[in-house]
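Below is one structure; the comments refer to it alone.
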2 protein chains.
Amino acid sequence: MFQITNSLTIKVLKEVTPGFDFAVSIDCVLFGFDGSELKILLIERNEEPFKDWWALPGNLVNEDESVDQSAQRILKELTGLGDIYMEQYYAFGDVNRHPQGRVISVAYYAMLRLGGDKPLKPLSNYAKKAQWVNVASLPKLGFDHQHILNKGLEKIKRRIKHLPLAFELLPEKFTLTQVQSVYELILGKKLDKRNFRKKILSFKVLKELEEKQRGVSFRAATLYKFDKRKYNKLFGKEISF
Amino acid sequence: MFQITNSLTIKVLKEVTPGFDFAVSIDCVLFGFDGSELKILLIERNEEPFKDWWALPGNLVNEDESVDQSAQRILKELTGLGDIYMEQYYAFGDVNRHPQGRVISVAYYAMLRLGGDKPLKPLSNYAKKAQWVNVASLPKLGFDHQHILNKGLEKIKRRIKHLPLAFELLPEKFTLTQVQSVYELILGKKLDKRNFRKKILSFKVLKELEEKQRGVSFRAATLYKFDKRKYNKLFGKEISF
DNA sequence: ATATAACGTGTATTTTTTACACTAAGTAAT
DNA sequence: ATTACTTAGTGTAAAAAATACACGTTATAT
């Protein structure tokens with residue numbers, strides 16, 4: 001159909017409408033909590049640009065998928081994690097944010113419970129590996145990912161004041177002290193123990209269990225679980241810490 | 001350089017990296033208040049697709065501009081309005097949202113005071129005209145613009161509870177009843193007059209003027225103006241109505 | 001038995017939110 | 001000038017929420 005008469009390296013030659021020469025990518029900011037530290041899920045890249053750098057799990061959107069679908073696929077491919085509800089929070093569109101062309105990136109965040117149950121295994125070779133990294137000691141990240149991450153942190157800081165997002169970070173059974181730790185880490189400040197408990201229990205979305213912690217030094221705390229049923233009824237109510 | 005050996009209509013023939021065949025567009029949701037009704041700025045389109053339909057002011061992002069810059073340019077071209085701070089709120093990326101190809105749209109909103117001072121004059125011929133339209137009686141909109149607009153409304157509903165956005169909609173001098181009207185329109189519910197005034201004055205961002213309304217039937221109300229200085233100091237404080 | 005370290009609890013004060021109804025002032029019509 | 005009309009403008013009491021603050025309890029480790 002087309003005859004190419006010069007010797008340039010041409011990747012694909014194709015009919016193009018002006019304006020249709022952008023790429024769209026997804027970047028995922030996954031927050032995790034291991035019981036004491038706030039973590040972010042990063043990958044070690046195996047492709048240019050930024051090969052061998054740490055970066056947020058991210059890649060280009062395909063033509064036949066919505067950006068929401070794409071976010072799910074990309075997270076799965078790069079980290080092995082599936083079935084995670086992520087929420088879109090911002091589109092990054094500076095001209096030179098990507099060294100290989102004009103790429104707009106749509107960022108998503110999610111909160112995730114950590115634990116041996118969810119192994120991190122990249123399914124594609126875009127990533128060498130995926131790993132949870134302490135937010136307080138991040139490596140240098142590729143692209144504008146530090147900026148994307150900072151905006152994500154700001155976002156959850158605001159969100160957690162109004163929604164009990166913290167439970168998504170915690171294991172099924174948790175102590176009130178752990179809940180408080182999550183809030184303190186995300187908000188970056190200490191909270192009063194008695195007032196915190198009064199408040200968090202007043203929403204009536206926690207169910208006290210008969211059970212106590214096991215295998216801890218010193219006094220074991222009572223375990224609670226999150227009652228999603230009751231949480232859904234609460235929807236829209238304002239919460240602040 | 002290239003020799004085309006068939007007869008298809010080809011708009012541009014160009015080197016393409018796979019993935020780089022998206023377009024990115026901007027859509028602007030501008031809210032206005034004329035003293036009694038909440039309005040949205042719409043254009044009547046003069047280009048396919050959806051020629052002759054009403055739609056949000058929107059167009060494709062150029063390669064050499066950031067999405068933020070693009071939002072400013074597009075708004076100016078389609079409505080004649082410049083120098084308006086718009087905030088990005090969501091990226092819409094369903095596969096079939098645009099009939100001519102894969103277009104991701106980044107949506108922005110702003111609040112604007114209405115008045116003869118800001119004439120609406122499209123500078124490009126993408127729009128036949130721009131016009132403020134009552135939110136309560138919208139025409140059918142092209143693309144997924146009704147959806148984009150609905151999300152924008154939800155957004156400002158949440159925002160106005162925490163920030164005094166209402167003042168951006170009002171003229172320089174306004175009455176407390178007007179402020180209350182804006183809140184009631186956006187929140188979609190009636191508020192108690194005494195409690196509203198107590199609350200809005202408690203932030204101390206309004207300055208009472210010596211002046212009263214002119215040219216109204218019945219008793220004239222005291223005029224106030226917004227004190228941006230004091231507002232900036234307030235930043236971060238939570239407000240709720 | 002004792003030391004340790006985290007658990008778990010209550011009250012008083014202040015601040016904020018809510019509910020609620022009438023008088024005052026200016027305009028328009030007669 | 002009187003009257004009718006319409007919107008402006010105001011206060012208080014009760015309930016709810018937020019804040020400040022300290023010590024006895026309990027399981028573990030030595």
Side-chain angles (χ1 to χ4, degrees), chain A residues 33-37 160-164 170-171 173-185 187 189-225 234 236-241, chain B residues 33-37 160-164 170-171 173-185 187 189-225 234 236-241:
Chain A
F33 178 68
D34 67 355
S36 64
E37 306 281 4
I160 205 174
K161 286 186 182 179
H162 300 289
L163 294 170
L170 291 164
K173 299 170 183 180
F174 49 81
T175 69
L176 294 183
T177 302
Q178 287 174 323
V179 183
Q180 187 174 342
S181 301
V182 170
Y183 273 89
E184 289 179 343
L185 277 169
L187 297 178
K189 65 179 182 189
K190 287 277 166 201
L191 302 171
D192 177 83
K193 181 154 71 160
R194 278 173 295 186
N195 293 340
F196 180 83
R197 287 172 179 230
K198 210 186 305 175
K199 179 105 198 177
I200 203 85
L201 290 175
S202 77
F203 297 119
K204 309 205 169 154
V205 296
L206 295 189
K207 192 171 166 187
E208 186 174 347
L209 303 177
E210 304 287 283
E211 223 174 327
K212 301 223 165 224
Q213 274 182 309
R214 311 266 274 130
V216 289
S217 316
F218 313 115
R219 181 180 178 182
T222 301
L223 292 169
Y224 287 77
K225 62 193 262 193
L234 187 79
K237 224 186 135 174
E238 298 255 325
I239 303 174
S240 57
F241 287 93
Chain B
F33 178 67
D34 67 356
S36 64
E37 306 280 5
I160 204 175
K161 286 188 183 177
H162 300 290
L163 294 170
L170 292 163
K173 299 171 181 179
F174 48 81
T175 69
L176 294 183
T177 302
Q178 287 174 323
V179 182
Q180 187 174 344
S181 300
V182 170
Y183 272 89
E184 289 180 343
L185 277 169
L187 297 179
K189 65 179 183 191
K190 287 276 165 204
L191 301 171
D192 177 85
K193 182 155 72 160
R194 277 173 295 187
N195 291 341
F196 180 83
R197 286 171 178 229
K198 209 185 304 173
K199 181 105 196 178
I200 204 83
L201 291 173
S202 77
F203 297 119
K204 310 202 170 157
V205 296
L206 296 190
K207 191 171 167 187
E208 187 175 346
L209 303 177
E210 305 286 285
E211 222 174 329
K212 301 223 166 226
Q213 274 180 310
R214 311 265 275 130
V216 288
S217 317
F218 314 114
R219 181 177 178 182
T222 301
L223 292 170
Y224 287 79
K225 62 192 262 194
L234 186 80
K237 222 185 139 176
E238 299 255 327
I239 304 174
S240 55
F241 288 93

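Here is how names work: the chains are called A, B, and so on, in the same order as the sequence lines, proteins then strands, and each is numbered from 1. The figures here come from the full heavy-atom set of this structure, side chains too, leaving out hydrogens, waters and symmetry mates.
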How close or far is atom P of dA16(D) from atom NZ of K199(A), stated in whole angstroms? 15 Å
Return the OG1 to CD distance between T222(B) and E211(B), rounded to the nearest 0.5 Å. 10.5 Å
Taking CG from L201(B) and P from dG11(D), how many angstroms apart are they, rounded to a whole number? 12 Å
Separation of atom CD in E184(A) from atom P in dA6(C), rounded to whole Å: 13 Å
Partner residues of E208(B) under the salt bridge (charged side-chain N to carboxylate O under 4.0 Å, His left out) criterion, sequence neighbours left out: none
Separation of F33(A) CZ from L185(A) CG (nearest 0.5 Å): 6.0 Å
Nearest-Å distance for atom pair NZ/P, residues K190(B) and dA19(C): 16 Å
Return the value, rounded to whole Å, for the distance between atom CZ of F196(B) and atom P of dT18(C). 13 Å
Can you confirm whether R197(A) sits close enough to T177(A) that some side-chain heavy atom of one is under 4.5 Å from a side-chain heavy atom of the other? yes
Rounded to whole angstrom units, what separation is found between the CD1 atom of I200(A) and the C1' atom of dA18(D)? 15 Å
What is the distance, to the nearest angstrom, from the OH atom on Y224(A) to the P atom on dC7(C)? 12 Å
Quick check on contacts: within residues 175-182 of chain B, what sits under 4.0 Å from DNA chain C by heavy-atom distance? none
Would you give the length of the straight line joining atom CD of Q178(A) to atom NZ of K173(A), rounded to the nearest 0.5 angstrom? 13.0 Å
OG1-CD distance between T175(B) and Q180(B), expressed to the nearest 0.5 angstrom: 9.5 Å
Output one letter per nucleotide in nucleotides 20-30 of chain D: B when a protein non-hydrogen atom lies under 4.0 Å from the base, S when only the sugar-phosphate is that close, - when neither is. BBB-BBBBS--
Atom CG of L223(A) and atom NZ of K207(A): how far apart are they, to the nearest 0.5 Å? 13.5 Å
Closest approach of F174(A) to L206(A) (non-hydrogen atoms, all atoms of both residues): CZ-CD2, 3.8 Å
